[in-house]
Visitor: 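Got a structure for you, questions after.
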Protein chains: 2
Amino acid sequence: MRPVKIKIQFPMDGDIAMGPGKAQLLAAIHQHGSISAAAKSMHMSYKRAWDLVSVMNAGFKCPLVMTSVGGSHGGGAIVTEFGFKVLQHYQALQIKTEVFVLSESADLRELLVNKSESDPVS
Amino acid sequence: MRPVKIKIQFPMDGDIAMGPGKAQLLAAIHQHGSISAAAKSMHMSYKRAWDLVSVMNAGFKCPLVMTSVGGSHGGGAIVTEFGFKVLQHYQALQIKTEVFVLSESADLRELLVNKSESDPVS
DNA sequence: CATCGCTATATTATCAAATATATAACGATG
DNA sequence: CATCGTTATATATTTGATAATATAGCGATG
């Protein structure tokens, strides 16, 4: 496990408009083309995925995901250009922050017990 | 609520050695001089507080909290010098990271719906 | 016009996590 | 040496979050 875990959330009303879970789901929808397939790939119930999409769409100025119902393949969902932009922003922010915190927390991490440091500094 | 919520955790084995909740508890113990009083002040059960202290102490090279049992006042708990140092490091890190993320997420936050912006820019 | 897989939604069931409760031991002090 | 509030620990209970289940409706397509 990484030495530090960072969770960045953007609260909106009572919900979280964007966070690690939603970002991951967004990426999965983009990859699979439907909420149901994305949910399955993440071992998440369809209902939960649908709820998350609903919250995301409500929290931003434009929808991140557009769904279509019916049709030969039953319908599907696509990540909008806007949604993709949000996703990229979020992912970049997450990485930048991780780098920042890792560097800023060196002193603190020094104080933790060193577990399984199989680091043969010969 | 703040526009962004950041949670920094330091995992250790299966537990979290330090996180927002533990930092807050540490501060409360320092203030009140006992685990039980600190727990009460945070509306937390004594058991939970005691468990958190136990995890904290196990995760660092030195104990952050030392307890004494019995005595005229029943006992108590004090935050060690080491624990206080950890607390200060953590709190400083939290603030620095908040500033960082807030500045780095300006573009993203621009895309959120503006809720209740009672901002009379006359 | 029957079929298909998906969206959309509600209801119920399950489970883990937090809390509540209980109790023993501790030891300085008056 | 009885008292006190606390630590320390175990067990029971409650709660909330999550998952499971069910079902209706959609509409392009062959």
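Reckoned from all heavy atoms, side chains included, excluding hydrogens, waters and symmetry mates. The sequence lines fix the lettering, A, B, ..., with proteins before strands; numbering per chain opens at 1.
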Visitor: To which residues is A:I95 joined in a hydrophobic cluster, defined by side-chain heavy-atom contacts under 4.5 Å among Ile, Leu, Val, Met, Phe, Trp and Tyr, whether direct or through other members?
Guide: none
Visitor: Quickly work out the B:L52 CG to D:dT7 C1' distance and round it to whole Å.
Guide: 16 Å
Visitor: Rounded to whole angstrom units, what separation is found between the CG atom of A:D51 and the C1' atom of D:dA20?
Guide: 14 Å
Visitor: Is there any salt bridge (Lys or Arg N to Asp or Glu O under 4.0 Å) pair reaching into residues 74-87 of chain A, and which pairs are they, with sequence neighbours excluded?
Guide: none
Visitor: Quick one: which residue pairs count as a salt bridge (Lys or Arg N to Asp or Glu O under 4.0 Å) with a foot in residues 32-49 of chain A, not counting sequence neighbours?
Guide: A:K47-A:D51
Visitor: Please list all pairs passing the salt bridge (Lys or Arg N to Asp or Glu O under 4.0 Å) test where one or both residues lie in residues 99-113 of chain B, with sequence neighbours left out.
Guide: A:K96-B:E104
Visitor: Is the closest side-chain heavy-atom distance between A:F10 and A:L93 below 4.5 Å?
Guide: yes
Visitor: Quick test: give all pairs of protein nitrogen or oxygen and nucleotides 14-24 of chain C nitrogen or oxygen below 3.5 Å, distance rounded to 0.1 Å.
Guide:
none

Visitor: May I ask you to list the residues sharing a hydrophobic cluster with B:M66, side-chain cutoff 4.5 Å, ordered by chain and number?
Guide: B:I78
Visitor: Backbone N or O of B:A77 within a donor-acceptor pair of the B:T67 side chain at under 3.5 Å?
Guide: no
Visitor: Applying ring-ring contact (aromatic ring centres under 6.0 Å, His included), can you list everything that pairs with B:H89, at least two apart in sequence or on another chain?
Guide: none
Visitor: When Ile, Leu, Val, Met, Phe, Trp and Tyr are grouped by side-chain heavy atoms lying under 4.5 Å apart, directly or through other members, which residues fall in the same group as B:I16?
Guide: none
Visitor: With the threshold set at under 4.0 Å for non-hydrogen atoms, list the residues of residues 58-86 of chain B touching DNA chain C in residue-number order.
Guide: B:V69, B:G70, B:G71, B:S72
Visitor: Say you draw a straight line from CD1 of A:I29 to CD of A:Q24; how long is it, rounded to the nearest 0.5 Å?
Guide: 11.5 Å
Visitor: With heavy-atom distances below 4.5 Å as the criterion, would you say the side chains of B:L25 and B:M56 are in contact?
Guide: yes
Visitor: In whole angstrom, what separates A:K40's NZ from D:dA20's P?
Guide: 12 Å
Visitor: Within residues 7-14 of chain A, which residues have any heavy atom lying less than 4.0 Å from an atom of DNA chain D?
Guide: none
Visitor: With the threshold set at under 4.0 Å for non-hydrogen atoms, list the residues of residues 26-39 of chain B touching DNA chain C in residue-number order.
Guide: none
Visitor: Heavy atoms, side chains only, cut-off 4.5 Å: are A:Y90 and A:L26 in contact?
Guide: no
Visitor: For A:L25 and D:dT18, what is the distance between atoms CG and P respectively, to the nearest whole Å?
Guide: 14 Å
Visitor: With a cut-off of less than 4.0 Å, is there a side-chain N or O of B:W50 near OP1 or OP2 of D:dA8?
Guide: yes
Visitor: So which pairs with a foot in residues 51-79 of chain A pass ring-ring contact (aromatic ring centres under 6.0 Å, His included), sequence neighbours left out?
Guide: none
